[in-house]
Each structure stands twice: as C-alpha cells, then as structure tokens.
Amino acid sequence: MIDLQPLWDWFRVLHDTTGIKLTIFYDPFDRARFLNGFLTSVRLMALCVVASVVIGVVGAWIQGSRLRVLRLVTQGYIQFFRNTPPLVQLYFFYFALGSYLKISSGNGIAVPVVSNFTWAAICLSFYAGAFNVEIFRAGIEAVPRETLEAAESLGYSRLKAYIYVILPLAFRISLPALNNNLVNLIKTTTIAYAIAVPEMLYVANQIWSDESNVPEMMNVLLIAYVSLVGILVWIMGRWERGLRIPGYTPA
C-alpha cells in the first residue's frame with residue numbers, strides 16, 4: 001500500500017509557508033469528510049445518469065404507443081419536468097411529497113420513509129429523463145421508416161423491433177445530444193445541497209465555514225467538477241466512436 005503521508009505533510013508545509021489552506025489534504029478529519037462527499041456526489045451522478053437514460057428509452061417507446069392515454073401521460077410528464085426549474089422540483093419532491101411519506105418511530109417521532117439522497121436521485125433522474133425522452137424520440141424518427149418495415153416483414157413484433165433494430169440505430173444517432181444532457185445533469189446534481197444531501201458542495205461549505213478557506217475550497221470544487229465532467233465526455237466520446245457505423249447516414 002502506498003504511503004501518502006509525505007504528500008499530506010507537503011500540503012501542511014505549503015500552508016505554513018504560503019498560507020494556502022488545503023486542510024482536506026493534511027487534516028485527517030477534513031480529508032475524510034471531503035472524500036465521503038466526493039463519493040456521495042459520484043454515486044448520485046451515476047444513479048441519475050443510468051436512471052435518466054432508462055427513463056428516456058422507455059418514454060420514447062411509449063410516445064409511439066397506440067394507446068392515447070399513455071402518450072398523453074408521457075407528454076404531461078415531459079412538459080412538467082422540462083418547463084419548471086429543477087430546484088423547484090426538488091423542493092416539491094422533498095417538502096411536499098416527502099411530508100406525506102413519514103412513519104412514527106417507537107418514541108413517537110415522525111421519521112421520513114425516503115431519505116434526502118433518494119429524493120435527490122429520483123428528482124434529478126426524472127428531470128434529465130424528460131429531456132432524454134425527446135432526445136431518443138428524435139433519434140427514433142431519424143431512423144428510416146423502411147428499417148422498421150423490414151423488421152416487421154421478418155416477423156418482429158413492435159417491441160422486439162424497437163429493442164433489437166430501431167433502438168440500437170437511434171441510440172447511435174442520439175449520442176451527441178445525450179452527451180450534452182448528461183453533462184448538464186452532472187452539473188445539476190449540485191442542487192442536492194439545498195436539501196442537505198452530503199455531497200461535495202455541501203461538505204465543502206461545511207469545511208470552509210470551519211476553516212475559513214473559501215478560495216481554496218472553491219478551486220478544489222472547480223477542479224473536481226471539471227475532472228468529473230471531463231471523464232464523462234471522454235467516455236461518451238469513446239462510446240460514440242465505437243458505435244459509429246461506417247457509411248451509415250440517417251435520413
């Protein structure tokens with residue numbers, strides 16, 4: 001196991017000589033709580049990315065349903081989440097819906113059934129999912145109609161044609177727009193701070209309140225989020241290049 005103590009000591013010397021107060025490196029308590037905040041942010045981002053993509057895929061399929069009720073419900077969902085601020089949505093889920101989802105503990109105190117982290121994951125997934133539905137719908141519409149007709153002529157049902165033929169092509173077409181939306185989702189996870197989810201911004205606020213090192217922590221946050229977004233963009237770029245079909249140009 002690598003001994004990082006010399007590195008931590010270097011940051012302490014840096015503070016002693018220059019006044020740059022990066023306690024998250026040389027103070028074990030601050031280091032532990034910032035690491036926990038970082039991991040909480042990564043976990044929230046990963047859950048929201050996966051859930052929003054699933055919502056987008058399912059919602060795009062429902063939009064092509066023959067049942068008018070399902071299409072109307074999906075459109076209502078899209079309009080609600082696209083046309084209201086994500087922070088307002090988060091407050092609605094946490095304070096409005098959350099106030100009804102409580103149980104009484106043994107000592108008579110009302111305990112929420114859903115944690116603040118779970119509410120943040122649900123809200124942000126639905127928020128980004130609404131945009132993903134439209135992204136995948138546009139990708140599906142870009143797939144030539146003849147492709148669906150060919151799948152149906154081979155005996156595919158509507159669902160199987162969607163899963164095995166239409167969706168793989170639509171997914172390739174949708175990747176650039178999907179990449180942009182997922183980047184926006186990663187940045188939007190910071191609003192979880194508003195309901196006391198102990199993610200990076202929330203923990204950093206606690207640290208700079210205790211240590212009076214606002215400039216240092218703001219720079220650390222900037223570097224951390226730029227790095228996380230950069231990793232996502234790199235992965236999506238590699239994925240897009242790997243799925244590209246040579247010579248295929250959607251109509």
**Request:** Verify side-chain contact (heavy atoms from CB on, under 4.5 Å) between Leu201 and Leu221, making sure each step is shown before the conclusion.
**Result:** CA-CA 7 Å; Leu201 180 58; Leu221 282 176; 3.7 Å; yes

Going by atom type alone, with no hydrogens or angles, which donor-acceptor pairs under 3.5 Å involve a side-chain atom of residues 182-198 and a protein atom two or more places apart or on another chain?
unit_1	atom_1	unit_2	atom_2	d
Thr188	OG1	Asn184	O	2.6
Thr189	OG1	Ile186	O	2.6
Thr190	OG1	Lys187	O	2.9

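- In terms of heavy atoms, Tyr77 sits closest to Ala130 at OH-N, 3.0 Å.
- Contact detail for Ala151 and Ala161: the closest heavy-atom pair is CB-CB, 4.0 Å.
- Under the 4.5 Å side-chain heavy-atom criterion for ILVMFWY residues, a single connected hydrophobic cluster contains both Leu67 and Trp61.
- The backbone N or O of Val143 lies less than 3.5 Å from no partner atom in the side chain of Thr147, so there is not a single donor-acceptor pair.
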**Asked** Are Phe126 and Phe81 close enough, and set up right, to give a ring pair (Phe, Tyr, Trp, His ring centres under 6.0 Å), and what steps lead you there?
**Response** CA-CA 7 Å; Phe126 278 127; Phe81 281 95; 5.7 Å; yes

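- In this structure, OH on Tyr225 lies 11.0 Å from CG on Leu222, to the nearest 0.5 angstrom.
- Taking a 6.0 Å sphere around CZ of Phe117, one finds it holds more than 12 heavy atoms contributed by other residues, nucleotides or ligands.
- The side-chain tip of Arg43 does not point at the ring of Phe38 from less than 6.0 angstrom away and within 45° of straight on.
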**Request:** Could you walk me through whether Tyr91 and Val88 pass side-chain contact (heavy atoms from CB on, under 4.5 Å), step by step?
**Result:** CA-CA 5 Å; Tyr91 281 152; Val88 173; 5.8 Å; no

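- With rounding to the nearest 0.5 Å, the separation of CH2 in Trp8 from OH in Tyr26 is 13.0 Å.
- Cluster annotation: Ile55 and Ile163 are assigned to the same hydrophobic cluster (Ile/Leu/Val/Met/Phe/Trp/Tyr, side-chain heavy-atom contacts under 4.5 Å, transitive).
- Following chains of ILVMFWY side-chain contacts shorter than 4.5 Å, one cannot reach Ile62 starting from Val73, and the two form parts of different hydrophobic clusters.
- Side-chain atoms of Thr118 never come within 3.5 Å of backbone atoms of Val114 as a donor-acceptor pair (strictly under, hydrogens ignored).
- For the residue pair Thr74 and Gln63, no side-chain donor N or O sits within less than 3.5 Å of a side-chain acceptor on the partner.
- Of the charged side-chain nitrogens involved, at least one lies within less than 4.0 Å of a carboxylate oxygen, so that Arg33 and Asp210 count as a salt-bridged pair.
- Contact record, Ser125 with Cys48: OG-CA, 3.4 Å, taken as the closest heavy-atom pair.
- A heavy-atom distance below 4.5 Å is not found between the side chains of Leu22 and His15.
- With rounding to the nearest 0.5 Å, the separation of NZ in Lys21 from CG in Asp30 is 9.0 Å.
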**Prompt:** Between Asn132 and Ile135, is a side-chain contact (heavy atoms from CB on, under 4.5 Å) present by the stated rule, with each step listed?
**Reply:** CA-CA 5 Å; Asn132 286 344; Ile135 289 170; 3.9 Å; yes

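- Minimum heavy-atom separation, Arg137 to Ala60: N-CB, 3.9 Å.
- Hydrophobic clustering of Ile, Leu, Val, Met, Phe, Trp and Tyr side chains at less than 4.5 Å, counting indirect connections, unites Ile20 with Met218.
- Using a 4.5 Å heavy-atom cutoff, the side chains of Arg12 and Phe25 are not in contact.
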**Asked** So Thr40 and Glu199, side-chain hydrogen bond (donor to acceptor under 3.5 Å, both in side chains) or not? Walk me through it.
**Response** CA-CA 5 Å; Thr40 300; Glu199 43 78 60; over 6 Å; no

**Message:** Applying side-chain hydrogen bond (donor to acceptor under 3.5 Å, both in side chains) to Asp9 and Gln5, what does each step give before you reach the verdict?
**Reply:** CA-CA 6 Å; Asp9 292 339; Gln5 191 56 47; 2.9 Å; yes

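- Residue Tyr164 qualifies as open at atom OH: its count of foreign heavy atoms under 6.0 Å is 12 or below.
- Separating the CG atom in Leu97 from the CD1 atom in Ile122 is a distance of 9.5 Å, to the nearest 0.5 Å.
- With contacts defined as side-chain heavy-atom distances shorter than 4.5 Å, the pair Ser227/Ile223 qualifies.
- Using modelled atom types, no side-chain atom of Asn179 and backbone atom of Leu175 make a donor-acceptor pair closer than 3.5 Å.
- The line from CE of Met200 to CG of Asn36 is 12.5 Å long, rounded to the nearest 0.5 Å.
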Could you pull out every donor-acceptor pair under 3.5 Å between side chains of residues 233-240 and any protein atom, sequence neighbours left out?
none

**Asked** Passes side-chain contact (heavy atoms from CB on, under 4.5 Å), Glu216 versus Asn219? Steps please.
**Response** CA-CA 5 Å; Glu216 290 89 342; Asn219 279 288; 5.9 Å; no

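- Note that CD1 of Ile173 is 11.0 Å distant from CD of Glu141, once rounded to the nearest 0.5 Å.
- Shown are Phe171, Tyr162, Phe131; of these, the ring-ring contact (aromatic ring centres under 6.0 Å, His included) with Phe136 is made only by Phe171.
- Note on Phe29: it does not cluster hydrophobically with Leu7, by side-chain heavy-atom contacts below 4.5 Å among ILVMFWY residues.
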